[in-house]
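Chain naming here is simple, since letters A, B, ... match the order of the sequence lines and numbering starts at 1 in each.
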Amino acid sequence: MIAILKYNAGNTRSVYNAVSRLGYEVSISDDPFVLQSAEKVIFPGVGEAGSAMAYLKARELDLVIRELKQPVLGICLGMQLLCAYSEESNTEGIGIFDSQVQRFPGGYLVPHMGWNNCASLKGSLFEGLDLNADFYFVHSYYAHINADTVAAADYIVPFSAALQKDNFYAVQFHPEKSAQTGNLLLQNFLTL
Amino acid sequence: MLKKRIIPCLDINNGRTVKGVNFENIKDAGDPVALAKRYTEEGADELVFLDITATNERRKTLTEWVSLVAARINIPFTVGGGIDSLLTAQEVIDAGADKLSINTSALARPALVQELAGHFGTQCVTVAIDTNYVDGKWKVFSHGGKKATNLEALEWAKIAADLGAGELLLTSMQGDGTRSGFSLDLTARIAAAVNIPVIASGGAGCPADFEQVFTQTAATGALAASVFHFGAIAIPELKQYLKSKNIAIR
């Protein structure tokens, strides 16, 4: 069973639809036991970092996420909350990835909205994907590039499009909204 | 590199796709879910659905077909039509929409833009602006293009961006459904005046129109309806054409 974390900033429905379409049994839950016993956990997110993190902390879900041993995939805000710190509402994250999240600089079009390709793709998430494949991004904050970066994208500045460390995987783009390319990436995660 | 977006727009009336000319003479254009699926497979980058149903039943049918679309397609889609509160917005988001498009309700109560952006994030809020050239000015219209307001498009675009819109959907009403080309001057002026993405709409007739809007304005997306619904332009050929003109296209 695949668990999708239920919280106040999820686009859980889209992720649920995408994973179900691939033929998996999915549960949307905030029950620690369900999350701990799932084969894989997806941590989605569309929304604002401060209120999302406050919600998770109030339910101690941040601690549950940090201790998960199965493959975990953070998406968009989910990825940013797995980082150490976000400039958005001055938010301390879960801290799996030692990366800072900050707002794109002023004077440019923000949000970064649309399809963009990635560079330096590595690791199992990207196996079998076209190196120039485009993914759908929509975000105003970005994670810095660091040792855990497994894909970089370029919009105004280079940033982490994907991070990976131990059993934690994270993507800034939305695989559930990235047509066939996104399906392949989700499939890669689900068959880890 | 960030790609320019090609966005088919589906006007929905009582659960069917429809299309008019200059916002009038509405014709049936098919089942929205089947059409959405076809456009997704053909390479559309996003979809926009605008519910123009005028009945009290609208909210129920709106969430019904939004759920159906969300279950079938895996590209982002925006939904507009009758979203006038956090509550209706939440219903549409829960049904699976990625972005909300607001128009008349934002003109009636600009604070709605702020409320939706605060709750769902700016990236979720598209302010749609319908505008027509009247007495030497681009005037903003509400109620599906039926009522003139006192606002000018440029002025309203800046206000909407300041209030927290994540994107503008700019429709030139005189171009709508006429296939006479996008209103380039208008689009260029507005896209240059705001720091959020602008989608150009109204008037797409041939692939060169898309090329012009992407080379002569800072619009990052171009929206069209009738040319796609009635087969005048096929999305794969359009994208091939734009790539051959060195425009960044997926």
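- Proximity to chain A is limited to the backbone of B/V194, based on heavy atoms less than 4.5 angstrom apart.
- Residue contact with chain B, scored on non-hydrogen atoms closer than 4.5 Å, involves the side chain of A/N183 exclusively.
- With a 4.5 Å cut-off on non-hydrogen atoms, A/E176 touches chain B through its backbone but not through its side chain.
- Atom CE of A/M1 has more than 12 neighbouring heavy atoms from other residues, nucleotides or ligands inside a 6.0 Å radius.
- Contacts between residues 19-40 of chain A and chain B, defined by a heavy-atom separation under 4.5 Å, are made by A/R21.
- Taking all atoms of both residues into account, the shortest heavy-atom contact from A/P111 to B/P197 is O-CG, 3.8 Å.
- When heavy atoms are compared at a cutoff of 4.5 Å, B/R5 approaches chain A solely by way of its side chain, counted from C-beta outward.
- Looking at A/H112, the atoms closer than 4.5 Å to chain B (heavy atoms on both sides) all sit in the side chain, from C-beta outward.
- The shortest heavy-atom contact between B/F120 and A/V46 is O-CG1, 4.2 Å.
- Counting only distance, with no hydrogens or angles, the side chain of A/N17 and the backbone of B/A70 share a donor-acceptor pair below 3.5 Å.
- Note: B/I73 leads B/I73, B/T220, B/T40 in heavy-atom pairs under 4.5 Å with chain A.
- Neither the backbone nor the side chain of B/K4 comes within contact range of chain A; no heavy atoms are under 4.5 Å apart.
- Taking CD1 of B/I75 as the start and NE2 of A/H174 as the end, the distance is 14.0 Å to the nearest 0.5 Å.
- Taking a cutoff of 4.0 Å between a charged side-chain nitrogen and a carboxylate oxygen, B/D94 and A/R13 do not qualify as a salt bridge.
- Once rounded to the nearest 0.5 Å, the distance linking CD1 of B/I6 with CH2 of A/W115 reads 13.0 Å.
- In this structure, the portion of A/S14 lying under 4.5 Å from any heavy atom of chain B is its side chain and not its backbone.
- Looking at A/Y136, the atoms closer than 4.5 Å to chain B (heavy atoms on both sides) all sit in the side chain, from C-beta outward.
- The environment of CD in A/Q187 is crowded: more than 12 heavy-atom neighbours from other residues, nucleotides or ligands sit within 6.0 Å.
- To the nearest 0.5 Å, the span separating OH on A/Y141 from CD on B/Q123 amounts to 11.0 Å.
- If you take CG on A/N8 and NE2 on B/H119, they are separated by 8.5 Å, rounding to the nearest 0.5 Å.
- Counting non-hydrogen atoms of neighbouring residues, nucleotides and ligands closer than 6.0 angstrom, the CZ atom of A/F168 exceeds 12 such neighbours.
- At a 4.5 Å heavy-atom cutoff, the contact between B/E167 and chain A is made by side-chain atoms alone.
- With B/N74 contributing its side chain and A/K177 its backbone, the two residues share no donor-acceptor pair below 3.5 Å.
- Contact check for A/S140 versus B/T122: side-chain heavy atoms found under the 4.5 Å cut-off.
- Neither the backbone nor the side chain of A/A18 comes within contact range of chain B, judged by heavy atoms closer than 4.5 Å.
- Atom NZ of B/K3 and atom CG of A/N116 lie 5.0 Å apart (nearest 0.5 Å).
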